[in-house]
Amino acid sequence: MPSAVRSSRGVPRGSSALRFGRFAAMGAVAVLILIAGVWASWGTAQHVMLTKGRERGTVEVVRCAEDACEGPFRPLSPGSQPRARVVLDDTVAVERGGTYTVVLKPGGAEAVRSGPAGVLYAWVPLGGALLLASVVVAGGLLRTRLAWVMALAGAGLLTAAFVAL
């Protein structure tokens with residue numbers, strides 16, 4: 001039985017193409033997961049983080065349904081107009097009777113929470129993507145230190161959002 005020459009990790013030397021293929025495939029999967037997380041977060045985060053020229057104010061929640069809460073809008077920024085009804089789409093940690101600082105999305109009566117809680121909540125999908133991508137990086141790319149950094153960053157972001165809300 002012929003013995004194959006093995007590298008220090010126990011992988012036959014002739015399989016460098018396979019190692020590169022695995023590295024490329026797992027790297028592409030990890031990057032795709034992270035891009036999806038940023039894409040999912042940016043839809044809300046852009047309104048919360050880039051508030052210059054946007055209408056800012058408070059909403060006192062008077063009614064909540066399964067997926068949305070609504071109430072009157074009182075402006076805080078110059079040039080904003082009061083509205084009788086604006087809608088907060090995501091009802092996480094929003095209670096009837098509570099008053100929340102919000103930013104209105106352009107061209108409508110849709111509002112998103114602002115301030116530190118709103119910023120952290122907007123980036124929650126990225127936190128989940130970091131956790132998921134860390135498993136791919138550890139298992140597929142064999143980069144455990146980078147995976148731990150990604151996992152801790154994702155868990156930290158999710159924990160901070162939970163505490164802030």
Does some side-chain heavy atom of Val61 sit less than 4.5 Å from a side-chain heavy atom of Glu95?
-> no
Looking at side-chain heavy atoms only, is the closest gap between Arg54 and Pro106 below 4.5 Å?
-> yes
Say whether Leu34 and Leu32 are linked into one hydrophobic cluster, either directly or through other cluster members, by side-chain heavy-atom distances under 4.5 angstrom.
-> no
If every non-hydrogen atom of Ala40 is compared with every non-hydrogen atom of Pro125, which pair is closest and at what distance?
-> CB-CB, 3.8 Å
Report yes if the side chains of Leu104 and Arg56 come closer than 4.5 Å at any heavy-atom pair, otherwise no.
-> no
Any chance you could measure His47, atom NE2, to Glu110, atom CD, to the nearest 0.5 Å?
-> 8.0 Å
Exercise: identify the closest heavy-atom pair between Leu88 and Ala111 | CD2-O, 3.6 Å
In Å and rounded to the nearest 0.5 Å, what is the CD1 to CG distance from Ile33 to Leu130?
-> 10.5 Å
For Glu70, salt bridge (Lys or Arg N to Asp or Glu O under 4.0 Å) partners two or more places apart | Arg63, Arg85
Just jot down the side chain to side chain donor-acceptor pair (under 3.5 Å) partners of Thr159, sequence neighbours excluded, or say none.
-> none
Test side-chain contact (heavy atoms from CB on, under 4.5 Å) applied to Phe23 - qualifying residues, sequence neighbours left out | Leu141, Arg143
Which residues pass the side chain to side chain donor-acceptor pair (under 3.5 Å) test with Gln46, sequence neighbours left out?
-> none
Taking the side chain as C-beta and beyond, is there a heavy-atom pair between Phe73 and Thr58 under 4.5 Å?
-> no
Could you pull out the closest heavy-atom pair between Gly140 and Arg22, with the gap in Å?
-> O-NE, 3.2 Å
Mind listing the closest non-hydrogen atom pair of Val137 and Ala30 along with its distance?
-> CG2-CB, 4.0 Å
Is any side-chain heavy atom of Tyr121 less than 4.5 Å from a side-chain heavy atom of Phe162?
-> no
Could you please spell out the steps behind the side-chain contact (heavy atoms from CB on, under 4.5 Å) verdict for Arg113 and Val94?
-> CA-CA 10 Å; Arg113 286 188 63 177; Val94 175; 4.2 Å; yes
Just by modelled atom types, is the Val112 backbone N or O under 3.5 Å from a matching donor or acceptor in the Tyr100 side chain?
-> no
Leu131: side-chain contact (heavy atoms from CB on, under 4.5 Å) partners, not counting sequence neighbours | Ala151, Ala155, Leu158
For Val103 against Ser114, the heavy-atom pair lying closest together = CG2-CB, 3.6 Å
Heavy-atom closest pair (Val48 atom, Gly118 atom, distance to 0.1 Å) is CG1-C, 3.8 Å
Value rounded to 0.5 Å, distance of CG in Leu152 from CG in Leu157 | 12.5 Å
Any residue meeting side-chain contact (heavy atoms from CB on, under 4.5 Å) with Val62, in chain and number order, not counting sequence neighbours | Pro72
Could you tell me whether a side-chain N or O of Ser80 sits under 3.5 Å from a main-chain N or O of Leu76, the two making a donor and an acceptor?
-> no
Within the side chain of Arg83, is there an N or O that forms a donor-acceptor pair under 3.5 Å with the backbone of Arg74?
-> no
